[in-house]
There are 2 protein chains.
Amino acid sequence: MGYRENPRPGGRSARVQAAVHQSVRDMLATMDRADVTIPLIAQRANVTPSTIYRRWGDLQALLADVAASHLRPEGEPASIGSAREDLAAWVEQYADEMASGLGRQMLRDVLAAADSANAEKCGTYMRCQLSVFIARAEACGEPFPTLTELMDHVISPIIYRILFDQAPDSDYVRGLVTKVMPESTART
Amino acid sequence: MGYRENPRPGGRSARVQAAVHQSVRDMLATMDRADVTIPLIAQRANVTPSTIYRRWGDLQALLADVAASHLRPEGEPASIGSAREDLAAWVEQYADEMASGLGRQMLRDVLAAADSANAEKCGTYMRCQLSVFIARAEACGEPFPTLTELMDHVISPIIYRILFDQAPDSDYVRGLVTKVMPESTART
DNA sequence: TCCACTAACGCAAATTATTTGCTTTTATAC
DNA sequence: GTATAAAAGCAAATAATTTGCGTTAGTGGA
């Protein structure tokens, strides 16, 4: 009677989910958000509206689901130089992506849903990614901030500005990373 | 043909706005958010649904408007002791309020709206309030963080946690304030 | 004071979205 | 294979949203 969180891959349920997600992504990329409705999404995905209503509940929940799955990291962040440099590059790209129109909308969709599960998922994704840098630094004996320091003093200010203020620029983001580094490993 | 942002006080338009806002606040306080609909709000406010649709557009916009107006500071923060102590007390209360179910919902409502105007308003309110503490400290010659430091290292982490993680507790909030103070004015 | 003007409201019909009961399909386990 | 149950389809019923048009109530000028 209930819908499973993660449908078995290859099954009908998984195909429907993929089709609906794809349909949503296409529509968000090409049309005005106000025109994205469940009946339209259903039509594009070759699915009945009631299927979507029963599975996701409402448009906000569906958009939050799509946004969260897009926000899930696809792989390990690149390892080019020191952990500090890798982190700086990764954070800068992340900030750019989130500050863009689409990124901003994804953040909003994730937050707008009645259920906070998707928002918490995003927080978890973020901590996982940052942990990779911390582990690398530790492996090299490179001094590095803690996870809490990174979340509080780098990620939080970036997200806050995107949500409540103007998008942060690159200089600002680099400054945050520099300031959080221990023992003034600073450069630039 | 357009609706004015700030209706003249005492006019019919202002009365309708007040009635609708009141109706929304009552409903949010007493019933499940999923049951709060525009037709219901209209009925309680003795107004036609079409009036609300024409004026606000949709439910999200109306909720964002109500939330933002509730988030507007009502007066200067209390001045009991040093600027540092006043700030700590004020921030702690702010964090508590935002972390509560209703506070959290207000943040979400403000962010969920298609128009980011209300979210930016909230950012502005916050900077105004913090500026008061900064001005007081300066008047007393008390060393104090800058506005940017307060926004980035105190407010942002609190809001981020509320939105994407678990609600921050008092100890954590006090720690943020302590850490941002210059020259280790720290105590407890 | 009265009149013209217009923003904002009310009403109701038309449209569109959402819910729901019931049936059918399709993976999965036996 | 067959039984089972989750999930999809279909269609009728309900609820929300949009819209055209007439009415009301503040505003400003004679």
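These figures come from a predicted structure and were not determined experimentally.
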> Taking the side chain of A/Val47 as its heavy atoms from C-beta onward, which of D/dG9, C/dC9, D/dA8 lies nearest to it?
Replying inline: D/dG9
> Looking at B/Tyr172, is B/Arg161 sitting on its ring face, NZ or CZ under 6.0 Å from the six-membered ring centre and within 45 degrees of the normal?
Replying inline: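 Pair B/Arg161/B/Tyr172 counts as cation-pi.
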> If you draw the axis of the six-membered ring of B/Phe144, does the NZ or CZ of B/Arg136 fall within 45° of it and under 6.0 Å from the ring centre?
Replying inline: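 B/Arg136 over B/Phe144 ring: no.
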Measure from [atom1] on [X] to [atom2] on [N] and round the result to the nearest Å.
X	N	atom1	atom2	result
B/Asp58	C/dA17	CG	C1'	14 Å
A/Asp35	C/dT16	CG	P	13 Å
B/Gln17	C/dC9	CD	P	10 Å
A/Arg55	D/dG9	CZ	P	11 Å

> Hey, what do you get for CG (A/Leu63) to CD1 (A/Ile38), rounding to the nearest 0.5 Å?
Replying inline: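 Result: 8.0 Å between the selected atoms.
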> Rounded to the nearest 0.5 Å, how far apart are OH of B/Tyr160 and CG of A/Asp152?
Replying inline: 10.0 Å
> When the ring planes of A/His21 and A/Trp56 are compared, do they come out parallel, tilted or perpendicular, using 30° and 60° as the limits?
Replying inline: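 Rings of A/His21 and A/Trp56: tilted, as their planes differ by 30° to 60°.
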>> Reading DNA chain D from 5' onward, which residue's closest nucleotide shows up sooner: B/Ile38 or B/Arg12?
In response: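 Counting from the 5' end, the first nearest nucleotide belongs to B/Ile38.
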Considering only nitrogen or oxygen atoms on both sides, find all protein atoms under 3.5 Å from nucleotides 10-15 of chain D and state each distance.
from   : atom 1 : to      : atom 2 : distance (Å)
D/dC10 : N4     : A/Ser50 : OG     : 3.1

> Starting at the 5' end of DNA chain C, which residue's closest nucleotide do you reach first, A/Arg15 or A/Leu59?
Replying inline: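 Upstream on the strand: A/Leu59.
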>> For a side-chain contact (heavy atoms from CB on, under 4.5 Å) check, start with the C-alpha distance between B/Val177 and B/Glu92, then their side-chain angles and the critical distance, and finish with the verdict.
In response: CA-CA 9 Å; B/Val177 173; B/Glu92 200 168 329; over 6 Å; no
